Amino acid sequence: MAGDQLLRRLLFLLWVVALAVPGLAARPANVSIGALFTFDSVIGRAAKVAIELAVADVNRDDGVLNGTYLSVVEQDTKCSGFIGIIQGLQVMEKKVVAVVGPQSSGIGHVVSHVADELRIPLVSFAATDPTLGSSQYPYFLRATHSDFFQMAAVADIISHYAWREATLIYVDNDYGRAALDALGDHLQSMRSKVSYRAPLPPAADRAAITDLLLRVSMMESRVIVVHANPDSGLDIFAAAQSLGMMSSGYVWIATEWLAALLDSDSSPPRKTTALALLQGVVTLRQYTPDSDAKRSLMSRFAARLQAHNTTGGINAYVLFAYDAVWMAARAIDQLLVDGSNVSFSDDARLRAENETGSALRLGALKVFDQGEQLLSKMKTLNFTGVTGQVRFGDDRNLADPAYEVLNVGGTGVRRVGYWSNRTRLSVTAPGQEQNGKKKKQQGEELYSVIWPGETASTPRGWVFPNNGKALRIGVPYRTTYKQFVSKDAGGPDGASGYCIDVFKAAVALLAYPVPVSYVVVGDGVKNPSYGELVQRVAEGELDAAVGDISIVTNRTRVVDFTQPYVESGLVIVTAVRERASSAWAFLKPFTGEMWAVTGGFFLFVGAVVWVLEHRSNTDFRGSPRKQLVTVFWFSFSTMFFAHRENTVSTLGRLVLIIWLFVVLIINSSYTASLTSILTVQQLSTGIQGLDGLIASSDPIGFQVGSFAKSYLMQELGVPESRLRELAITDYASSLQTGVVAAIVDELPYVELFLSTNCQFRTVGQEFTKSGWGFAFQRDSPLAVDLSTAILTLSENGDLQRIHDKWLSPGQCASQGTDVGADRLNLSSFWGLFLICGVACFIALLIFFFRTLRQYFRYHGHADDSENKATPFPVDGGERMSSRRPARLASIRDLMTFVDMKEAEVKRRKKMMNEDSSSCGRRLDMDSHSHRSMPTSANANAAPPSSSFSSV
């Protein structure tokens with residue numbers, strides 16, 4: 001009895017725990033998922049095996065869906081959108097909680113609407129259309145990588161080899177058109193583009209493919225990207241080989257469909273045939289890292305095929321299909337662990353449709369009640385599968401997409417690099433970068449590639465289009481200076497001139513023919529607007545423009561220019577007149593202030609040198625009149641370096657050297673300025689350069705159609721009211737009559753104008769630096785090749801010969817362009833005068849210091865001599881002297897001392913030293929005899945007079 005009671009209590013506790021713990025609630029015995037794909041396709045045949053292996057592995061694993069059996073309902077879409085819709089409805093009618101698939105992007109678009117209504121998540125392993133990731137399809141999850149990333153990899157390959165254009169052959173359906181848009185966006189961000197779009201009908205036969213490739217072959221680009229299906233894509237390369245398009249010069253890039261095809265075909269004969277068609281092709285394969293799980297699956301996959309006596313291989317889609325089943329199983333397991341049940345209910349809208357008497361039986365489609373929860377579980381999955389780490393990003397795509405870059409060559413395929421959205425192109429596998437950083441060896445984003453034609457050299461990527469159309473070359477119809485470029489009605493080309501000959505010579509150096517057709521632009525009345533000509537090229541109305549077209553900033557924003565073939569820049573032209581000669585012309589090089597300062601310094605330096613040399617140089621001594629004449633003569637004779645007086649003092653020589661350098665500079669400047677004044681012409685206006693042009697209010701002329709107007713207004717701020725539009729033929733009359741004070745034009749025109757008009761000159765310097773070039777549409781490869789050709793013309797001298805042929809110098813070409821020089825003023829020389837003045841001041845300071853020092857020493861010796869002459873006290877024991885020495889010399893004494901020759905000073909000083917020595921000896925003897933005399937008894941008695949007189 002007690003045992004039964006205990007048993008009942010245990011059962012009750014288990015029932016309570018089961019109710020309290022959701023995970024212990026009753027699980028459904030069976031859960032079904034669907035699978036939508038094309039059974040008889042390259043991807044479908046392999047995916048079917050992978051899905052069945054995955055379901056078996058899930059049911060075998062006790063850690064997932066414990067106690068619940070997972071079954072799969074497979075439906076064949078037969079590569080048909082219509083059949084795919086029907087099969088999608090049928091699979092959802094069987095109460096599946098998730099669908100692995102669909103394989104096709106087109107079917108994915110339609111079935112996603114059904115899945116959204118019934119709340120059944122779709123986990124596609126092969127639908128790569130980027131638009132399926134939009135918020136329009138919230139129940140669509142991509143268990144593979146989007147074409148958005150694949151096209152980014154293709155664009156990076158194109159950019160890596162510096163190709164600017166590509167042709168895209170794509171299947172004309174949702175799958176192909178979405179890839180086209182993605183590739184175009186990526187290339188545009190790299191300043192490249194899809195130059196030609198070649199849509200291929202989904203069911204195209206060999207004739208349609210051949211016709212499409214013929215159109216492709218007539219295009220300029222030789223970089224061809226093929227985005228097709230694995231089942232029909234190989235036909236494109238078969239047709240291309242028959243047309244000779246797999247030869248040298250072509251670049252073929254196939255998306256991942258090609259790698260899937262090659263990986264799936266294990267039959268040696270078929271694979272050898274395929275490889276023979278694909279020599280030199282670059283393709284992509286979705287990257288999956290090696291792992292034990294991956295190798296195990298590949299082994300069991302091969303065993304399964306062998307057991308069914310079929311051949312095939314495992315491609316990347318097989319791995320993603322396998323992981324897609326596991327994604328669904330893990331999400332369902334988490335849903336059941338949380339205590340949720342699996343239930344379906346009627347859709348009110350579908351039920352109302354059935355009540356109308358429809359025979360479609362749409363009421364059989366049920367809404368999965370836990371669909372939103374299951375979708376949430378799937379989006380948060382994070383586990384390691386056979387494809388690597390499996391987790392979704394915010395856009396419901398697999399995170400961290402990566403691809404292998406493969407090159408078909410010989411009897412197989414070799415890897416030349418990797419691409420990932422983190423490291424872009426690299427030779428290092430994703431996830432294996434050192435320290436988690438992007439590590440790229442210099443110049444090794446990809447290993448070398450063998451291109452079609454078995455060449456390792458990178459193809460140029462384009463040729464001149466073989467479509468029978470000539471380039472439309474815009475040529476300005478100039479009405480003046482036609483030697484540059486203009487219409488030539490009688491010539492074979494319809495245009496002629498210097499610019500045309502340069503263009504022809506450059507085209508002749510290209511390795512391919514370039515048929516051209518010249519289109520003359522202009523009415524023949526006045527020169528056309530060059531800005532409008534360039535704009536027509538930018539808008540595609542013309543392919544290029546050839547002429548005297550300046551390369552300026554606003555034009556480079558819309559077109560591409562070649563290397564300049566003429567150096568150019570804006571210069572100022574004004575009228576000049578002959579300077580009238582004058583009897584006083586020799587005074588004009590210096591201003592009055594400059595003359596005064598220069599004359600003053602001549603006298604000042606002469607006086608300084610006299611002071612420094614007077615005491616030691618006999619040339620600077622004598623009577624006052626002679627010395628005054630010497631100062632004047634020495635001062636002005638240095639102007640011609642003709643002074644005959646030698647300097648002997650160090651300070652005098654220092655001052656003279658500095659002054660002679662100043663004189664040399666002044667003489668040279670005077671000579672150059674005087675020569676210029678006597679020989680050059682004088683400006684008719686006060687404009688001497690750009691600053692004077694801007695500061696004045698005079699009218700300014702510019703050539704019709706020139707960019708000079710916009711430059712003067714926008715860059716220099718010149719008001720439009722000052723500007724006058726002129727033809728070159730009106731330049732001379734406008735300048736002479738004062739209609740304009742100056743003309744601003746480009747240097748080549750100005751040189752040609754001045755070669756025949758000697759009364760005009762340029763003033764100032766070029767204030768822009770540019771050149772003339774040929775304009776092409778943006779990203780045109782012809783611009784690059786013609787730039788190389790122009791450089792070749794410059795190096796071999798042909799460019800100069802063409803210039804001399806059309807633009808030979810006129811009668812005024814040998815004349816200089818210098819105009820009246822300015823007078824030299826003090827501001828140009830004050831630095832020299834300052835140096836010289838400072839040197840003179842320092843020399844005088846040192847001189848007077850030395851002189852005063854000598855003066856005080858000299859008088860000090862004199863005082864000592866007098867003191868030694870009277871050493872004894874006169875009375876009361878105090879010393880007396882015959883006279884009191886002067887402590888301060890008078891100005892006369894100082895001037896007398898300064899005027900004294902330095903040698904005389906030294907001689908007298910020596911004599912005084914000798915006298916002082918002899919007097920001292922006498923004084924010592926007298927002192928000794930004085931001390932030997934008897935002392936008087938009377939202390940107050942005066943000493944005998946004979947004693948003082950003896951001294």
Side-chain angles (χ1 to χ4, degrees), residues 41-47 50 103 105 125-128 143-147 149-157 168-171 175-176 179 183 224-238 251-268 270-290 294 297-298 301 311-323 386-388 398 401-420 425 429-430 446-447 449-452:
S41 65
V42 172
I43 295 176
R45 286 190 293 268
Q103 173 186 332
S105 296
F125 60 89
T128 57
T144 185
H145 298 309
S146 169
D147 278 343
F149 301 107
Q150 181 176 205
M151 292 305 157
V154 172
D156 280 351
I157 293 173
L168 178 62
I169 300 175
Y170 62 97
V171 181
Y175 160 75
L183 180 60
I224 304 172
V225 180
V226 181
H227 188 60
N229 293 316
D231 301 281
S232 59
L234 204 59
D235 294 338
I236 297 174
F237 289 98
V251 176
W252 290 89
I253 302 175
T255 53
E256 59 187 351
W257 66 267
L258 182 57
L261 173 64
L262 295 176
D263 292 339
S264 300
D265 196 348
S266 61
S267 172
R270 288 199 304 268
K271 194 163 188 177
T272 301
T273 303
L275 291 174
L277 297 174
L278 300 170
Q279 294 296 302
V281 175
V282 173
T283 185
L284 298 174
R285 176 199 287 152
Q286 297 186 74
Y287 172 73
T288 55
D290 290 332
K294 178 180 176 180
L297 175 62
M298 295 175 66
F301 185 90
T311 60
I314 187 168
N315 56 54
Y317 293 107
V318 170
L319 304 177
F320 288 111
Y322 181 87
D323 276 350
V386 295
T387 59
L398 281 182
Y403 294 86
E404 297 176 77
V405 183
L406 309 176
N407 180 212
V408 181
T411 59
V413 177
R414 68 185 183 97
R415 184 191 302 116
V416 295
Y418 300 89
W419 182 95
S420 74
L425 290 176
L446 290 176
Y447 292 120
V449 174
I450 303 299
W451 303 101

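All values below come from the heavy atoms of this structure, side chains included, with hydrogens, waters and symmetry mates left out. As the structure is a computational prediction, the values presented were derived from the model and not from experiment.
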Report the distance from atom [atom1] of [X] to atom [atom2] of [Y], rounding to the nearest 0.5 Å.
X      : Y      : atom1 : atom2 : result
Ser105 : Asp147 : OG    : CG    : 7.0 Å
Ile43  : Leu261 : CD1   : CG    : 10.0 Å
Ile253 : Leu168 : CD1   : CG    : 10.5 Å
Thr411 : Gln279 : OG1   : CD    : 8.5 Å
Ile157 : Leu446 : CD1   : CG    : 6.5 Å
Met298 : Asp290 : CE    : CG    : 8.5 Å

message = Do Glu256 and His145 make a side-chain contact, defined as non-hydrogen atoms from C-beta onward lying under 4.5 Å apart?
response = no

query = Is the side chain of Asp323 donor-acceptor paired with the backbone N or O of Val386 at a distance under 3.5 Å, no angle test?
reply = yes

From CA spacing to verdict: side-chain contact (heavy atoms from CB on, under 4.5 Å), Thr255, Thr128 = CA-CA 11 Å; Thr255 53; Thr128 57; over 6 Å; no

message = Tell me every residue that passes side chain to side chain donor-acceptor pair (under 3.5 Å) with Thr144, counting only those two or more places apart in sequence or in another chain.
response = Gln286

query = Residues two or more places apart in sequence or in another chain: which of them pass side chain to side chain donor-acceptor pair (under 3.5 Å) with Thr283?
reply = none

note = Here the salt bridge (Lys or Arg N to Asp or Glu O under 4.0 Å) pairs for residues 227-237, sequence neighbours left out, are none

key: Pairs where residues 257-266 contributes a residue and the test salt bridge (Lys or Arg N to Asp or Glu O under 4.0 Å) is met, not counting sequence neighbours   = Asp263-Arg285, Asp265-Arg270

Restricting to ring pair (Phe, Tyr, Trp, His ring centres under 6.0 Å), what partner residues turn up for [X], sequence neighbours left out?
X      : value
Trp451 : Tyr161, Trp163
Phe149 : none
Tyr287 : Tyr418

Which residues pass the side chain to side chain contact (heavy atoms under 4.5 Å, CB included) test with [X], sequence neighbours left out?
X      : answer
Ala153 : Leu284, Trp419
Thr288 : Lys294, Leu319, Phe320, Thr387
Ala228 : Val171, Val226, Ile236, Trp257

inquiry  = For the residue pair Gln103 / Tyr317, report whether a side-chain donor-acceptor contact shorter than 3.5 Å exists.
reply    = no

ask   = After noting the C-alpha distance and the side-chain angles of Trp252 and Leu278, does the key distance pass the side-chain contact (heavy atoms from CB on, under 4.5 Å) rule?
value = CA-CA 9 Å; Trp252 290 89; Leu278 300 170; over 6 Å; no

key: Contacts of type salt bridge (charged side-chain N to carboxylate O under 4.0 Å, His left out), residue Lys271, not counting sequence neighbours   = none

remark   = Taken in chain and number order and not counting sequence neighbours, the residues that satisfy salt bridge (charged side-chain N to carboxylate O under 4.0 Å, His left out) with Arg414 are none

Closest heavy-atom pair and its distance - [X], [Y]:
X      : Y      : result
Gly410 : Leu275 : O-CB, 4.4 Å
Ala47  : Val318 : N-CG2, 4.3 Å
Pro401 : Leu398 : CD-O, 4.2 Å
Tyr403 : Ser146 : OH-O, 3.4 Å
Val281 : Asn407 : O-ND2, 3.3 Å
Arg415 : Tyr447 : O-CD1, 4.4 Å

task = For the pair Phe301 and Tyr322, evaluate side-chain contact (heavy atoms from CB on, under 4.5 Å) and give the outcome as yes or no after the intermediate values.
result = CA-CA 11 Å; Phe301 185 90; Tyr322 181 87; over 6 Å; no

